[in-house]
Amino acid sequence: MDARSPKAPGGDALRDAAENLFQELQEHFQALTATLNLRMEEMGNRIEDLQKNVNDLMVQAGIENSIKEQMT
């Protein structure tokens with residue numbers, strides 16, 4: 001009898017175990033993806049805050065105009 005046949009002894013149990021494992025892996029992957037997306041969003045917000053703080057410090061130091069002049 002062919003081992004890939006659905007009638008193979010233990011075939012149903014092996015297939016069910018593989019399907020359960022795949023489902024569990026898929027759930028873990030989705031959870032990791034959600035966590036990664038959240039962390040990336042948080043990092044983006046922190047970068048925006050950092051850029052604002054640097055810009056504010058540059059204005060306080062009076063160097064904003066010289067930087068803009070160098071860029072043009």
Side-chain contact test, heavy atoms from C-beta onward, threshold under 4.5 Å: evaluate it for Glu48 versus Lys52 and give yes or no. no
Can you tell me how far apart CG (Asp12) and CD (Glu19) are? Round to the nearest 0.5 Å. 9.5 Å
Transitively linked via ILVMFWY side-chain contacts under 4.5 Å: Leu14 with Phe22? no
How far does CG of Asn20 sit from CG of Leu25, to the nearest 0.5 angstrom? 11.0 Å
Shared hydrophobic cluster for Val54 and Ile63 (ILVMFWY, side-chain gaps under 4.5 Å): yes
Side-chain contact test, heavy atoms from C-beta onward, threshold under 4.5 Å: evaluate it for Asn37 versus Glu41 and give yes or no. no
Any side-chain donor near an acceptor of the partner, Gln23 and Glu27, under 3.5 Å: yes
When rounded to the nearest 0.5 angstrom, what distance separates CG in Leu50 from CE in Met43? 12.5 Å
Rounded at 0.5 Å granularity, tell me how far CZ in Arg39 sits from CG in Leu32. 10.5 Å
Ion pair check, Arg46 and Asp49, cut-off under 4.0 Å: no
Output for pair (Met40 CE, Asn45 CG), nearest 0.5 Å, gives 12.0 Å
